[in-house]
Amino acid sequence: MLKFSRGIDQDRAATAGGLQQIAFARGAAAAAQPSRLPTLVATAATVAVLYFARDVFLPLAIAILLTFALAPLVSRLRRVGCPRSVAVIGTVTTAFLFLSAFGVVIAMQVSEVAQNLPTYQYNIVEKVRTLKETGSESQILERIGRVIERISTEISRPEPEMRASPEPAPEAKPLLVEIFSPQRPVETLKNIINPLLGPLATTGLVIVVVIFMLFEREELRDRFIRLVGYGDLHRTTEALQDAGARVGRYLLMQLVVNITYGIPLAIGLSLLGIPNAVLWGMLAIVLRFVPYIGPVIAAALPLFLAFAAAPGWSLLVWTAALFIVLELLSNNVVEPWLYGSRTGLSPLAIIVAAIFWAWLWGPVGLVLSTPLTVCLVVLGRHVPQFEFLEILLGNEPVLDPKERLYQRLLAGDPDEATDNAEDMLEEKYLVEFYDTVAIPALLLAERDRARGALTNAQAAQIAQSANTLIANLEEIAGEEEGEEETGAEAQESDGDDDADEYDLPPGDGKSVLCVGGRSALDDVTASMLAQTLWIQGADAAHARHEVLKAGNIKALKLEGRNAVVLSVLDRDFMRHAKFTVRRLKRMAPAARVGIVLWQEDARPGTTERDQLIESLQADFMVFGMGDAVREALSDELPRSLKLAHPKIAPGYAMRRSKRADRESTVKAD
């Protein structure tokens, strides 16, 4: 016993020393972590430069994104055997000719719509009059109109001025005469060309930059690596490949989705009789690059034209139905089919990015907001100083499943914890969820309790929420119980020799009692283990840790139990585990008594485990859910209990025999 206590004390000392080393390492890492202030200052300075120098950076941003989009096509032409110059110039020329033709068609269609707008005036007036007549029965529109008219009259009425003398007659003002002279041809040409110089110059600059970037793509990549990440070639190369793949895939897939939306829209509007249907289809292709707002704008313009083009209301209804059907097909059929267009951004981040880039660079920034934000997320993923960008903008969960579950249990929200668990249980079984998520979450709570960061009230709250979670998962446990027989037959038919970690034996005819070790958190783990054993078909029950106390342990009903399992999160329980195991084995000599010391990692080896089993005189000792179920349902016989014989002091037997001889002599006399 003394040897066992010393071993446990040494184990505790080693554990405490390890915790101190971990805490010291964390403190050193926190002290060595650089301040975020320089990063924030650099970010603010970058935003200021992008805003005030947008005339320079906007063409460069457009050129970089077009380079990302055209680079895969150039690479494919190069692999076919096409020379670099032909591949680059041919690709760029084709792309910009297509864009130019696209812009010319849109301009012609917009001009035609502007010329036809006066012809729609009569239909608009008639429909407004119809609405007014419809509302005149209740006199709502008429009353609103009178109120607005009265308010406008009061606002436009001049304030009376107090004058002591009669107002003099106003003086006659001279009439202004403006002389118009015909402009010279040079001035007329200048007035036409000046508005076009800016867009033409920007377009030419973008074309030139794209050509040179495609020509020197490898050289620019090497220079960027040498400038930014020469000390970490692997990370920098991975970041460049990630950014190029994400942006290129997004632009390509979004273009495909928009085309599959715009072409049917133009055909449908043309069949309905909407004027300039080609224009609305082409605008839909462009505007759908703007997240969330673009589809609304693309639908509003044709709906207004349907309202104005026909005297009745049927055209408006059919047009709205066409947009609804196309949106449903695009969102539920086309986009899931082309799911590679996902960007790695959260929906809220897309909206915030659209607002930010629209403020920074106007409408062009709104169109470029998503691919530019994708580049920022890639930067945050691969550069530690900008990790906050991925946390704020990315769609990946920032907490591990166990940390997320612990946070929900700590907040007293078992409903959301149940929702998250049900999402994970769509891909894994309940035993795996308990072993990889729920038990590690309780281990986090136990560590916080051991270091004093968790109060008793908070620990009780976590235990209560966890018990509610287990009760909510009872239905899923029942469904898995029904699947056990089918799953076992399928595994036998497959004949797979590789044993699955969670391939558990059936528990028919077995009776197991799971008991918490020393706290309410241990009781929760015992309940989880009992539910898992019940899924396997065993008669499983669980008891709270209070029953192990000296005055309560005799009330335990152990008759007919095949196994009694102590469920423990705290290693300190091992100091008293030997007495508990011996007492349980005396009460139920036919049952196997074992301990589950829950550990997520750093589990003891086989030798250390065997030594603990021998010192505790337990039948088994395991550290995970799968092994606990196997041992609890095992057919092995329990080991016999070794009775402790106290050591006798030297000479005690001789003195006792002499005293017995003297007593016998006295009796004889």
Side-chain angles (χ1 to χ4, degrees), residues 95 97-135 141 199 251-338 341 354 358 362-364 366-367 369-370:
L97 284 177
F98 175 78
L99 293 176
S100 300
F102 194 87
V104 169
V105 173
I106 288 181
M108 294 173 59
Q109 293 286 323
V110 169
S111 176
E112 185 177 348
V113 170
Q115 293 176 2
N116 294 334
L117 280 179
T119 61
Y120 308 138
Q121 181 178 358
Y122 176 77
N123 294 330
I124 297 174
V125 172
E126 287 298 323
K127 288 184 178 180
V128 172
R129 184 179 301 171
T130 303
L131 292 174
K132 185 176 180 181
E133 291 176 356
T134 303
L141 295 177
L251 293 175
L252 178 60
M253 292 298 102
Q254 190 64 44
L255 179 61
V256 173
V257 171
N258 293 357
I259 290 175
T260 57
Y261 180 90
I263 293 177
L265 177 62
I267 296 174
L269 293 177
S270 177
L271 294 176
L272 291 176
I274 300 295
N276 307 101
V278 177
L279 172 64
W280 312 126
M282 298 175 72
L283 285 179
I285 294 175
V286 176
L287 290 173
R288 284 180 65 86
F289 278 101
V290 179
Y292 299 108
I293 306 173
V296 176
I297 300 175
L301 297 175
L303 288 175
F304 174 76
L305 196 60
F307 174 79
W313 296 92
S314 59
L315 183 60
L316 179 62
V317 173
W318 282 108
T319 305
L322 175 64
F323 275 102
I324 293 174
V325 171
L326 288 178
E327 285 291 340
L328 291 176
L329 290 175
S330 179
N331 296 333
N332 299 298
V333 178
V334 179
E335 289 186 4
W337 180 45
L338 300 172
S341 60
V364 180
L366 186 63
V367 177
S369 60
T370 301

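Bear in mind the structure is a predicted one, so any value in this text is a computation, not a measurement. Basis for what follows: all heavy atoms, side chains included, without hydrogens, waters or symmetry-related copies.
- Taking A358 as the reference, L366 meet the side chain to side chain contact (heavy atoms under 4.5 Å, CB included) condition, with sequence neighbours excluded.
- Of all heavy-atom pairs spanning A277 and S270, the tightest one is CB-N, 3.5 Å.
- Between G281 and A266, the shortest heavy-atom distance links the atoms CA-CB, 4.1 Å.
- The salt bridge (Lys or Arg N to Asp or Glu O under 4.0 Å) analysis of residues 267-286, with sequence neighbours excluded, yields no pairs.
- Under the side-chain contact (heavy atoms from CB on, under 4.5 Å) test applied with M108, the options V104, V105, I106 reduce to a single match, V104.
- Pairs passing the salt bridge (Lys or Arg N to Asp or Glu O under 4.0 Å) check and including a residue from residues 309-330, sequence neighbours excluded, read R288-E327.
- Listed by chain and residue number, P291, A354, W357 satisfy the side chain to side chain contact (heavy atoms under 4.5 Å, CB included) test with S369 (two or more places apart in sequence, or in another chain).
- Between the side chain of W318 and the backbone N or O of L269 there is no donor-acceptor pair closer than 3.5 Å.
- With rounding to the nearest 0.5 Å, the separation of CG in N258 from CE in M282 is 13.0 Å.
- For residues 314-325, no pair satisfies salt bridge (Lys or Arg N to Asp or Glu O under 4.0 Å), with sequence neighbours left out.
- Within the 3.5 Å criterion, the main-chain N or O of V256 finds a donor-acceptor partner in the side chain of T260.
- Shortest non-hydrogen contact noted between P264 and L326 is CB-CD2, 3.9 Å.
- The minimum heavy-atom distance between L265 and A284, with the atom names listed, is CD2-CB, 3.7 Å.
- Partners of L287 according to the side chain to side chain contact (heavy atoms under 4.5 Å, CB included) rule, which considers only residues two or more places apart in sequence or in another chain, are L283, I297, A298.
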Legend entry - From CA spacing to verdict: side chain to side chain contact (heavy atoms under 4.5 Å, CB included), T370, F289: CA-CA 8 Å; T370 301; F289 278 101; over 6 Å; no
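- You'll find the side chain of L329 stays beyond 4.5 Å of the side chain of Y261, heavy atoms only.
- A distance of 3.5 Å separates CD1 in I274 from OG1 in T319, rounded to the nearest 0.5 Å.
- Across all non-hydrogen atoms, the minimal contact from W280 to P275 is NE1-O, 3.0 Å.
- For L328, the side chain to side chain contact (heavy atoms under 4.5 Å, CB included) partners two or more places apart in sequence, or in a different chain, are I324, N332.
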